[in-house]
Colleague: 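Below is a structure I'd like to ask you about.
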Amino acid sequence: MPGAIMDGRALARTIEEDCRRRAAAYRQRCGRAPRLDVVLLGDDPASRVYVRGKFRASERVGIDARDHFLPADTSEADLKSLIERLNRDDAVDGLLVQLPLPGHISGNAVIAAIRPEKDVDGFHMHSAGALMMGRGEGFRPCTPLGVMRLIASTGIDLCGKEAVVIGRSNIVGKPLALMLLEANATVTITHSRTPAAKLEEICRRADILIAAAGCPKVVTAQHVKRGAVVVDVGMNRTADGKLCGDVDFEPVRERAAFITPVPGGVGPMTIAMLMQNTVEAAERHEKARARG
Ligand code: GUN
């Protein structure tokens, strides 16, 4: 029997509904909606699509999303002074800079300039450190958080399971490995320097296999143990512009117990988690104001 599909769109809608209620209650108490400011440099088409998705979701949830669209040749100093201004602005609850940034700008320096209390992407060192130390401060990055929610929706307990993450990026692979570890899985990270034969051998051990390599169809049926949970974080574009994941979907589905589709799997969950982090940022901000 083919594996069950984990429907990220449906799960994202239930999370958005919960965020919508929290945002409405916040608006009642504070007289304004939670606010999210999004900074985008240049006109990378994929980034534009992602940012549009964030604005649409904000509208559904009742988050006041503001755009700061800047030319691609904006200097790092100008970008940082915009961030400084938004950091100081008490009306701003959440602030993110869409990645990737143009080559002349240091992504790390820009992320470090964001106030940790507004870092709803969870990319700041403060957030990364809190995750590593198993603390509740900071924010968790949206994509790994969405993957964990999808896995939780299967009802499978991760304790003692073998989890394999393909990809070691700061925004997906590394934080996801830490979250899986926190859920008591035995975790392996593979990456671009893992030899292909070794990759297959390691993946075949996985009860939970997460592909975040950014490489179309890097996971084939040969990589998958029967009954595994397979999560596809890949967002690759084919030559004809179609979205395609890191997993060769149909043959892998034959072996998996659960699998996420692309599109309609991790993508909508990433946005739902951004909505959740933004509402959370607004609620924490409200508490901080009350403390004075
Ligand atoms: N680029 C790709 N994914 C993300 C994300 O989750 N947040 C931001 N800011 N940029 C991204």
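Whatever order the structure lists them in is the order used to number ligands and atoms, beginning at 1.
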Colleague: Give yes or no for whether the N/O distance cutoff of 3.5 Å, strictly under, is met between Val97 and ligand 1.
Modeller: yes
Colleague: Taking salt bridge (charged side-chain N to carboxylate O under 4.0 Å, His left out) as the criterion, tell me which of Arg29, Arg291, Arg35, Arg32 meets it with Glu286.
Modeller: Arg29
Colleague: Name the closest protein heavy atom to atom 8 (C) of ligand 1, giving the residue it belongs to and the distance to 0.1 Å.
Modeller: Asp121 OD2, 3.3 Å
Colleague: Identify the closest protein heavy atom to atom 11 (C) of ligand 1: which residue and atom is it, and at what distance?
Modeller: Gln98 NE2, 3.4 Å
Colleague: Are Asp90 and His285 linked by a side-chain donor-acceptor pair shorter than 3.5 Å?
Modeller: yes
Colleague: One residue to check: Leu99. Relative to ligand 1, which of side chain, backbone, both or neither has a non-hydrogen atom less than 4.0 Å away?
Modeller: both
Colleague: Taking the side chain from Asn236 and the backbone from Cys244, do they hold a donor-acceptor pair closer than 3.5 Å?
Modeller: yes
Colleague: Looking only at distances, can you tell me whether any N or O atom of Thr143, backbone or side chain, sits closer than 3.5 Å to an N or O atom of ligand 1?
Modeller: no
Colleague: Any ion pair linking Asp78 and Lys80 (charged N to carboxylate O, less than 4.0 Å)?
Modeller: no
Colleague: With atoms numbered from 1 as shown, which atoms in ligand 1 lie under 4.0 angstrom from a non-hydrogen atom of Leu96?
Modeller: 9 (N)
Colleague: Starting from atom 3 (N) of ligand 1, which protein heavy atom do you reach first, and at what distance in Å?
Modeller: Ile171 CD1, 3.9 Å
Colleague: Within this structure, what is the CD-CG distance for the pair Glu84 and Asp89, rounded to the nearest 0.5 Å?
Modeller: 12.0 Å
Colleague: Using heavy atoms and a 4.0 Å limit, tell me yes or no: is Met235 in contact with ligand 1?
Modeller: no
Colleague: What pair of heavy atoms forms the shortest contact from Pro71 to Leu41, and how long is it?
Modeller: O-CG, 3.9 Å
Colleague: Which of the atoms in ligand 1, numbered in the order shown and given with their element, are less than 4.0 Å from a heavy-atom of Lys54?
Modeller: 7 (N), 8 (C)
Colleague: Tell me whether Arg21 forms a cation-pi arrangement with Tyr26, defined as NZ or CZ under 6.0 Å from the six-membered ring centre and within 45 degrees of its axis.
Modeller: no
Colleague: Which residue and atom name correspond to the protein heavy atom nearest atom 5 (C) of ligand 1, and how close is it?
Modeller: Phe123 CZ, 3.8 Å
